[in-house]
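Below is one structure, written out as structure tokens, with a few remarks after it.
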2 protein chains.
Amino acid sequence: MAGVNSAKDKVHVMNKYDKEPTYAIGELAREFDITPRSIRFYEEQGLMSPTRTGQNRVYLNKDRVRLKLILRGKRLGFSLAEVKTLFDMYDTNPNSAVQLEAMLEMTEQKRAVLKQQLEDIQMLMTELDDVEARCREELAELKRGKIA
Amino acid sequence: MAGVNSAKDKVHVMNKYDKEPTYAIGELAREFDITPRSIRFYEEQGLMSPTRTGQNRVYLNKDRVRLKLILRGKRLGFSLAEVKTLFDMYDTNPNSAVQLEAMLEMTEQKRAVLKQQLEDIQMLMTELDDVEARCREELAELKRGKIA
DNA sequence: AATGTAATTAACGTTAACGTAAACCTGTAC
DNA sequence: GTACAGGTTTACGTTAACGTTAATTACATT
């Protein structure tokens with residue numbers, strides 16, 4: 001359905017004195033450079049629940065914020081399931097100590113993973129240095145005619 | 001088949017004066033804390049080719065080293081396919097000038113990728129720092145009773 | 001009326017890296 | 001002489017995060 005955000009449509013969800021902006025799925029998709037399919041998938045996983053106009057999804061600011069948080073979580077290396085548990089906690093008991101500590105625990109975990117990756121990368125880099133040095137040496141010898 | 005590494009079996013692959021150690025699949029699996037299934041899978045993907053005693057796989061030191069490299073590559077986020085191309089490059093014509101040049105080019109590429117990954121990880125870490133700091137602050141305020 | 005654009009649901013496809021039977025063989029130990 | 005421990009192949013199952021049709025609906029424009 002086109003024109004979800006046209007003036008005519010918006011009459012259904014807000015009036016002249018209540019103009020919270022709404023978004024169609026395509027708009028959000030473009031804004032965050034993802035596909036509508038992804039957004040529907042997030043909903044299917046229980047990460048969002050936009051309202052409807054007829055059968056069309058209508059997103060409010062809170063939904064947009066949620067989407068932003070989902071993507072941010074993904075960038076941080078959280079799975080959708082992990083993001084969902086955070087959301088669920090926030091939904092049932094916002095800003096509780098329990099929730100904050102859960103968040104801290106998760107970030108600690110990710111930090112450990114990242115630390116391991118850093119060490120591995122540094123090890124591989126020195127190994128690359130080795131391989132490269134040996135390559136250059138063999139090449140030099142080849143060109144000096146010492147081999148072949 | 002049990003006892004691949006028994007003295008009797010080893011007669012087939014080495015004598016009193018040539019004692020390169022051999023490993024059964026289960027030994028390597030335990031040593032690196034993976035399953036035999038994984039090791040067979042790596043072979044299926046062309047990453048290793050252990051010798052056989054009858055139908056049983058027998059691993060030499062070079063195979064063990066390969067396995068170690070595979071696992072390190074995985075920890076670094078390389079796919080098995082990527083690890084394989086690296087192996088293939090090293091295996092084919094290790095001494096030709098052309099191959100050496102190609103290898104150098106490849107290591108340069110990998111180095112660039114690793115550098116990018118390093119930067120990404122560092123960015124993620126600072127983002128995690130941010131999130132964590134805000135969490136701790138909110139927690140502190142909670143405990144000071146400033147928020148119910 | 002026809003065309004175009006955006007939306008919907010349903011459901012199967014994809015990729016990587018294995019997990020998990022099932023059915024078999026076989027040397028070693030009790 | 002049989003049970004066990006470990007090995008074998010073959011092949012289908014699993015997970016995450018979507019991609020990709022397909023078939024349909026509905027509004028907007030020409």
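Below, read A as the first sequence line, B as the second, and so on, with proteins coming before strands; counting in each chain starts at 1.
Taking only side-chain nitrogens and oxygens, B:R40 never comes nearer than 4.0 Å to OP1 or OP2 of C:dA17. An OP1 or OP2 oxygen of D:dA17 is reached within less than 4.0 angstrom by no side-chain nitrogen or oxygen of A:Y42. Proximity of A:K74 to the phosphate of D:dC18: a side-chain N or O atom is located under 4.0 Å from OP1 or OP2. Look at B:R57 and you'll find a side-chain N or O under 4.0 angstrom from OP1 or OP2 of D:dT9.
Closest non-hydrogen pair, B:L71 versus B:Y42, comes out as CD2-OH, 3.9 Å.
When A:T22, A:I25, A:L67, A:T51 are each tested for a side-chain contact (heavy atoms from CB on, under 4.5 Å) with A:Y59, only one passes: A:I25.
A:L60 and A:Y90 are assigned to two separate hydrophobic clusters, defined by single-linkage of ILVMFWY side chains at heavy-atom distances under 4.5 Å. Cluster annotation: A:V83 is not connected to A:V98 through the hydrophobic network of ILVMFWY side chains, with a link wherever side-chain heavy atoms come within less than 4.5 Å.
Protein atom CZ of A:F78 is 17 Å distant from nucleotide atom C1' of D:dA17, rounded to whole Å. Distance, A:I25 CD1 to D:dC18 P: 13 Å, rounded to whole Å. Across the protein-nucleic acid pair, A:F41 atom CZ and C:dA10 atom P stand 16 Å apart, rounded to whole Å. Rounded to an integer number of Å, the gap from CD of B:E44 to P of C:dA16 is 14 Å. Atoms CD1 (A:I34) and C1' (D:dC18) sit 11 Å apart, rounded to a whole Å. Note: CD1 (A:I39) to P (C:dT9) measures 13 Å, nearest angstrom. Straight-line distance from the CG atom of A:L28 to the C1' atom of C:dA6: 14 Å, rounded to whole Å. Rounded to an integer number of Å, the gap from CG of A:N56 to P of C:dT9 is 9 Å.
For residues 93-106 of chain A, no residue pair satisfies the salt bridge (Lys or Arg N to Asp or Glu O under 4.0 Å) rule, not counting sequence neighbours.
Side chain of A:S79 to backbone of A:E82: a donor-acceptor contact under 3.5 angstrom is found.
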Pairs under 3.5 Å (N/O, protein and nucleotides 19-23 of chain C):
{"residue": "C:dG19", "atom": "OP2", "partner": "B:T35", "partner atom": "OG1", "Å": "2.6"}
{"residue": "C:dG19", "atom": "N7", "partner": "B:R37", "partner atom": "NE", "Å": "3.3"}
{"residue": "C:dG19", "atom": "O6", "partner": "B:R37", "partner atom": "NH2", "Å": "3.1"}
{"residue": "C:dT20", "atom": "O4", "partner": "B:R37", "partner atom": "NE", "Å": "3.0"}

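Judged as a side-chain contact (heavy atoms from CB on, under 4.5 Å), and not counting sequence neighbours, the contacts of B:R64 are B:Y23, B:L28, B:E31, B:F32, B:N61, B:K68.
With the nearest nucleotide of DNA chain D identified for both B:P36 and A:S79, B:P36 has the one nearer the 5' end.
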